[in-house]
Amino acid sequence: MRSDGQKATLLEKRGVLLHQIEKWRKLQAVYMPGVLDADTADQGSPQKVKAESIKLLLPSQLDAEDRDSICLGGVINSEKELRLAQLEDSLNDLRRARRIRRGLLTFHKVQLAGQGQKTQTKSQGVMQTVQDRIHRHVRRYRVAREALLCLNPDGEWKNLYLRLTDNDNRGPGKEPEETLGSDGRYTPSWIWCSTTTAISPDEVNEDMRVEWAQCTARADRWEEEVILLQEEMRWTVQFLEWKSSDWFAKVDARASTTTPAIQAGLSAYAKKQGAVFHNLAIRFCQRWRSTLVAHSLPHAWATNFLETHKKPLSNPDFEKRKRAKGLPPRAKLLTPVTASADIPPPPANTGGRGGLTLQVN
């Protein structure tokens, strides 16, 4: 229930708004002739309805045919500029309000925990005020975006101002329900990655600095993992090829100590094992090379290995089975990797995989 003072304030604000709408109607009759006559039957006289319920009848609220016939001059372009400005302002205000909310949550957790019911109630009231402000910014953004979709549905602005869902309205940092998830799989909301204005130093608090440091360290770690994974691929191929050479070297190793029949069996087994490891290295290079090429990653070591042994750069049977199963294309990497285009081969070694060393430029 509103108090008498609140009711009086509301009536006063309605009167001021109604006066502004009447001034707007006079201008509208000049630049949008006929729009008032077309809508009189729907909403009635401004004096008989609440001021906040009166439609302003902007071009985005009209049908496409009425919009082209009623709007004169640059009225449509003016609303486009208005809506773009509303989108940017709403997004900036939303980010600012969410940063304030994040700071209040941290302050409440560290400074006000266990301070008594009065303090807790006051803190919750402040938090609810900020939350209401967030909801207003979200509604304003959605209304502006819907209006701009009517005026310019194919514009480039859609690449910057995306659809704002309830799941996108989060951050900075993890929400309480996201703390149990893995940091490596955590993806910030797009509202923190889409901006045309810089953040002032006054808006940056300690929580944002910590969040930025964590995200940067996580991105660097994943970039390093991509480089290490490529090196492990090369290690695996080099180990399989070393293992193949080691088995081929054992073909006549016991020729002087065994009978010809036993030696024939030992030689056949050694050649078989050597061929098995060599074919594994070939297949690994063929499969991994297609993935590296699709993700624009260094693949010179795999290409050189296949060309040296005069093998095709891809396995036709594997590609055919993949198309038959209808496997989706692999996802593109989110962050470009600045690794060397040619990973150097490992040094000559005959002592097994343990002798291989990591070489990443």
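Remember, it's a predicted structure, so these values are computed and weren't measured experimentally. The analysis underlying the following values was restricted to heavy atoms, covering all of them including side chains, and did not include hydrogens, waters or symmetry mates.
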Discussion item. Evaluate K311 against F305 for side-chain contact (heavy atoms from CB on, under 4.5 Å), listing each step before the verdict.
Written reply: CA-CA 9 Å; K311 298 294 182 180; F305 183 85; over 6 Å; no
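- Contacts of H278 classified as ring pair (Phe, Tyr, Trp, His ring centres under 6.0 Å), with partners at least two apart in sequence or in another chain: H309.
- You'll find the side chain of E307 reaches within 4.5 Å of the side chain of L313, heavy atoms only.
- No donor-acceptor contact under 3.5 angstrom links the side chains of Q20 and W24, judged on distance only.
- At distances below 3.5 Å, at least one donor-acceptor pair connects side-chain atoms of R67 with backbone N or O atoms of P59.
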Practice prompt. Go through Q28 and R25 one step at a time and tell me if the side chain to side chain donor-acceptor pair (under 3.5 Å) criterion holds.
Written response: CA-CA 5 Å; Q28 200 170 26; R25 291 297 190 219; 2.8 Å; yes
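- When all heavy atoms of C71 and M32 are compared, the closest pair comes out as SG-CE, 3.9 Å.
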Result block: side-chain N/O donor-acceptor pairs under 3.5 angstrom for residues 258-275, not counting sequence neighbours:
from, atom 1, to, atom 2, distance (Å)
T258, OG1, R254, O, 2.8
T258, OG1, Q263, OE1, 3.2
T259, OG1, I262, N, 3.4
Q263, OE1, A255, N, 3.4
Q263, NE2, V251, O, 2.6
Q263, NE2, S267, OG, 2.8
S267, OG, V251, O, 2.8
S267, OG, Q263, O, 2.9

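- Heavy-atom minimum distance, W190 versus L160: CZ3-O, 3.9 Å.
- The shortest non-hydrogen separation linking I134 to A97 is CG1-CB, 3.6 Å.
- The aromatic ring centres of W288 and F284 sit less than 6.0 Å apart.
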Discussion item. Between E231 and W235, does the side chain to side chain donor-acceptor pair (under 3.5 Å) criterion hold? Intermediate values first, please.
Written reply: CA-CA 6 Å; E231 187 66 16; W235 284 355; 3.2 Å; yes
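- For the side-chain hydrogen bond (donor to acceptor under 3.5 Å, both in side chains) test, residues two or more places apart in sequence or in another chain that qualify with S60 are E79.
- For the pair R83 (side chain) and R145 (backbone), a donor-acceptor distance under 3.5 Å is absent.
- Shown here are the ring pair (Phe, Tyr, Trp, His ring centres under 6.0 Å) partners of F248, two or more places apart in sequence or in another chain: there are none.
- Atom CG of residue L148 and atom CD of residue E146 lie 10.0 Å apart, to the nearest 0.5 angstrom.
- A donor-acceptor contact shorter than 3.5 Å links the side chain of W157 to the backbone of N152.
- Put simply, CG on L17 and NZ on K50 are 13.0 Å apart, with the number rounded to the nearest 0.5 Å.
- Contacts of K250 classified as salt bridge (Lys or Arg N to Asp or Glu O under 4.0 Å), with partners at least two apart in sequence or in another chain: D246.
- Here the side chains of L162 and K158 are not in contact, with every heavy-atom distance at 4.5 Å or above.
- Under the rule for a salt bridge (Lys or Arg N to Asp or Glu O under 4.0 Å), the partners of D166 that lie at least two apart in sequence or sit in another chain are R142.
- Annotation: salt bridge (Lys or Arg N to Asp or Glu O under 4.0 Å) contacts of R139 (sequence neighbours excluded): none.
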Discussion item. As a quick check of understanding, evaluate side chain to side chain donor-acceptor pair (under 3.5 Å) for R98 and N169, giving each step before the final call.
Written reply: CA-CA 9 Å; R98 295 209 65 88; N169 184 23; 3.0 Å; yes
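- Checked against ring pair (Phe, Tyr, Trp, His ring centres under 6.0 Å), Y31 has no partners two or more places apart in sequence or in another chain.
- A pairwise comparison of heavy atoms in L292 and P298 identifies CD1-O, 3.5 Å as the closest pair.
- Y141 and W192 fall within a single hydrophobic cluster, where Ile, Leu, Val, Met, Phe, Trp and Tyr side chains are chained together by heavy-atom contacts under 4.5 Å.
- In this structure, R14 places its CZ atom where more than 12 heavy-atom neighbours from other residues, nucleotides or ligands lie under 6.0 Å away.
- Within the 4.5 Å cutoff, no side-chain heavy atoms of M233 are placed close to those of V237.
- In this structure, the side chains of L72 and P33 come closer than 4.5 Å at one or more pairs of heavy atoms.
- Here R96 contributes atom CZ and R133 contributes atom CZ; the two are 9.5 Å apart, rounded to the nearest 0.5 Å.
- Counting heavy atoms from C-beta on, the side chains of Q230 and L297 come closer than 4.5 Å.
- Judged purely by atom type and a 3.5 angstrom limit, N92 uses its side chain to pair as donor or acceptor with the backbone of E88.
- Here the CD1-CG distance, from I70 to L62, works out to 5.5 Å after rounding to the nearest 0.5 Å.
- Hydrophobic clustering (side-chain heavy atoms under 4.5 Å, transitive across Ile, Leu, Val, Met, Phe, Trp, Tyr) groups V30 together with V75.
- For the pair I282 and F277, the minimum side-chain heavy-atom distance is 4.5 Å or more.
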Discussion item. Side chain to side chain donor-acceptor pair (under 3.5 Å) for D132 and T129? Distances and angles first, verdict last.
Written reply: CA-CA 5 Å; D132 294 340; T129 301; 5.6 Å; no
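- V138 is connected to I100 through a chain of hydrophobic side-chain contacts under 4.5 Å among Ile, Leu, Val, Met, Phe, Trp and Tyr, so both are in one cluster.
- With hydrogens and angles left out, the side-chain atoms of S90 and R140 include a donor and acceptor closer than 3.5 Å.
- Of the inter-residue distances, the one linking M127 atom CE with Q131 atom CD reads 8.5 Å to the nearest 0.5 angstrom.
- Note that the OG atom of S189 and the CG atom of L164 stand 7.0 Å from one another [nearest 0.5 Å].
- Cluster membership check: I21 does not share its hydrophobic cluster with V143, using side-chain heavy-atom separations under 4.5 Å among Ile, Leu, Val, Met, Phe, Trp and Tyr.
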Listing, residues 4-11 side-chain donor-acceptor contacts under 3.5 Å, not counting sequence neighbours, or none:
from, atom 1, to, atom 2, distance (Å)
Q6, OE1, S3, N, 3.0
T9, OG1, G5, O, 2.9

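- For the salt bridge (Lys or Arg N to Asp or Glu O under 4.0 Å) test, residues two or more places apart in sequence or in another chain that qualify with R101 are E175.
- Of the possible polar contacts, none joining the Q61 side chain to the K55 backbone as a donor-acceptor pair under 3.5 Å is found.
- Residues passing the side-chain hydrogen bond (donor to acceptor under 3.5 Å, both in side chains) test with D252: none are found, sequence neighbours excluded.
- Cluster partners of L27 are absent, since no Ile, Leu, Val, Met, Phe, Trp or Tyr has side-chain heavy atoms less than 4.5 Å from it.
- Of all heavy-atom pairs between R289 and L306, the closest is CD-CD1, 4.2 Å.
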